[in-house]
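Okay, so here's the structure we're looking at.
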Amino acid sequence: MRKNNSCTGIICVFLAVFLLTALTAAGAGSISARAEEKAEELDEAYVYRQEDGHLKYWLDLRGDDLLLHCMFRYGDPTYHEKIYTFDITSAEASGKTILIRKITDDEGLDLSLNFAFLSVTFVNNKATMSVVRDEDTLAGGASGNLLTGSYVMDPGVPEEAARSTGTQGARKAVKELLAAENTGNSSGEDAEGLRIYTPQQLCEMAQEYYNRHYDYYPPLAEYEKLEDGRYRIHLYEVVDDGGGVSHTGTSAWYTVDDTGKGTDDLFGGEIDLTQ
């Protein structure tokens, strides 16, 4: 996996949030079939562990609600479980990613305003949770909060979890959400009969291209339209540095035309996002 790290300010973070929200308007035409296939392969749970192996987060799709189980510490060595509910009815999809619009805690308190951005991407049999936290809402220290960052979760139910007799409703709902977003989206053709794509489609194609070539799916993407009509695409993740500071971990910068052909701006050479 190739990455370059570059520091950003809060303005850049919110710009990324704005651009990512725009991605919900369209899907990637030629890639939609693969996205739907991935949706069919969702596991019933995904687990994120700390470097010491201790369970930190796990995403539970076994019941009717999409639940995030968090293991927090509040000033002592003991871990306490906090459960957040990701509302599926208000969520939106973009390719393999669902954008979470509403999150509540296990007491029913709406915490949505605490997060500038929150998404889950399902790819390569993993779930990547991307979080941009409103740092002004932090209380109780880093060990007791869901912080800004990208968390790659492995499939499976943790041994620590209680057994479930759930309906798999959340799993079905997520699959349907992803599948519905990826149907009916189409690109067009130019005067020469070449297939052309929307900028949102190009962003998803760039993520797919990077994943095919480097076995890593950058969870976030944004684009800028250049004066010559081409698009500059940024693939990245948000990395938490602690203390309320974060930066972007850049995977790639691509400049492409609306057919998906162009250049790799970081490492040089021509690229074709359809290959």
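Just so it is clear, the values below take in all heavy atoms, side chains as well, and ignore hydrogens, waters and symmetry mates.
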*Working to the nearest 0.5 Å, report the span between CG of Leu42 and CG of Asn125.*
9.5 Å

_Full working for side-chain contact (heavy atoms from CB on, under 4.5 Å) between Ile233 and Glu222_ = CA-CA 6 Å; Ile233 299 174; Glu222 59 185 356; over 6 Å; no

_Taking Arg230 first and then Asp257, would you say they form a salt bridge - that is, a charged N and a carboxylate O separated by under 4.0 Å?_
no

*Leu235 side chain reached by Thr250 side chain, heavy atoms, under 4.5 Å*: no

*Taking all heavy atoms of Ala91 and all of Arg101, pick out the closest pair and write down the distance.*
CA-CG, 4.5 Å

*Would you say the side-chain atoms of Gln275 pair up with the backbone N or O of Asp272, donor to acceptor, closer than 3.5 Å?*
no

*Evaluate the side-chain proximity of Val132 to Leu118: yes if any heavy-atom separation is below 4.5 Å, no if none is.*
no

*Would you give the length of the straight line joining atom CZ of Arg171 to atom CD1 of Ile88, rounded to the nearest 0.5 angstrom?*
13.0 Å

_Nearest heavy-atom neighbours spanning Val157 and Ala45_ = CG2-CB, 3.7 Å

_Test side-chain contact (heavy atoms from CB on, under 4.5 Å) applied to Leu178 and Glu176, step by step_ = CA-CA 5 Å; Leu178 293 172; Glu176 291 173 358; over 6 Å; no

_Heavy-atom closest contact (Leu99 atom, Ser119 atom, distance)_ = CD2-CB, 3.8 Å

*Apply side-chain contact (heavy atoms from CB on, under 4.5 Å) to Asn114 and Arg133, showing your working.*
CA-CA 6 Å; Asn114 292 0; Arg133 180 66 187 258; 3.8 Å; yes

*Heavy atoms only: give me the nearest Asp258-Leu202 pair and the separation to one decimal.*
CA-CD1, 4.2 Å

*Which value, rounded to the nearest 0.5 Å, describes the distance between Thr121 atom OG1 and Asn124 atom CG?*
11.0 Å

_Basic-acidic side-chain contact under 4.0 Å: Asp154, Lys126_ = yes

*asked:* Between Leu55 and Tyr79, is there shared hydrophobic-cluster membership here, with clusters defined by ILVMFWY side-chain heavy atoms closer than 4.5 Å?
replied: yes

_To check you understand the geometry: which heavy-atom pair defines the closest contact between Leu147 and Tyr151, and what is its length?_
O-OH, 2.9 Å

*Heavy atoms, side chains only, cut-off 4.5 Å: are Arg49 and Lys56 in contact?*
no

*Report the C-alpha distance between Thr274 and Met205 in whole Å, list the side-chain angles of each, state the deciding distance to 0.1 Å, and finish with yes or no for side-chain contact (heavy atoms from CB on, under 4.5 Å).*
CA-CA 7 Å; Thr274 66; Met205 292 167 66; 3.6 Å; yes

_With rounding to the nearest 0.5 angstrom, report the OH to CG distance, Tyr84 to Leu146._
6.5 Å

*So, Tyr57 versus Tyr46, ring centres under 6.0 angstrom or not?*
no

*With a 4.5 Å heavy-atom cut-off, do Asp43 and Leu61 have their side chains touching?*
no

*Step through the shown structure and confirm whether more than 12 heavy atoms of other residues, nucleotides or ligands are within 6.0 Å of CD on Glu107.*
no

*asked:* Using every non-hydrogen atom in the two residues, find where Phe122 and Val174 come nearest and quote the distance to one decimal.
replied: CE1-CG1, 3.7 Å

*Within 6.0 angstrom of Lys102 NZ, more than 12 heavy atoms from elsewhere*: no

*Please confirm whether Tyr209 and Tyr254 have ring centers closer than 6.0 angstrom.*
yes

*asked:* Tell me whether Asp110 contacts the main-chain N or O of Ser112 through its side chain, where contact means a donor paired with an acceptor under 3.5 Å.
replied: yes

_Test item: Val238 and Leu220 side chains (from C-beta on) under 4.5 Å apart, heavy atoms_ = yes

*Aromatic rings His234 and Tyr236: how do their planes relate, parallel, tilted or perpendicular, breaks at 30° and 60°?*
parallel

*Establish whether Leu68 and Leu111 are linked, either directly or via other cluster members, by ILVMFWY side-chain heavy-atom contacts under 4.5 Å.*
yes

*Should Phe115 and Phe72 be regarded as members of a common hydrophobic cluster, given that ILVMFWY residues are connected when their side-chain heavy atoms come within less than 4.5 Å of each other, either directly or indirectly?*
yes

*Within the side chain of Thr167, is there an N or O that forms a donor-acceptor pair under 3.5 Å with the backbone of Gly169?*
yes

*asked:* I need the Ile103 CD1 to Leu113 CG distance, nearest 0.5 Å.
replied: 11.5 Å

*Is there a donor-acceptor pair under 3.5 Å between the side chain of Glu237 and the backbone N or O of Gly249?*
no

_Residue list, side-chain contact (heavy atoms from CB on, under 4.5 Å) with Glu81, at least two apart or on another chain_ = Trp58, His69, Met71, Ile83

*asked:* Measuring from atom OH of Tyr217 to atom CZ of Arg212, what distance do you get when rounded to the nearest 0.5 angstrom?
replied: 10.5 Å

*Close side-chain approach of Leu273 to Lys261, heavy-atom, < 4.5 Å*: no

_Side-chain heavy atoms of Val239 within contact of Thr248, under 4.5 Å_ = no

*Considering only heavy atoms from C-beta outward, does the side chain of Leu67 approach that of Leu59 to under 4.5 Å?*
no

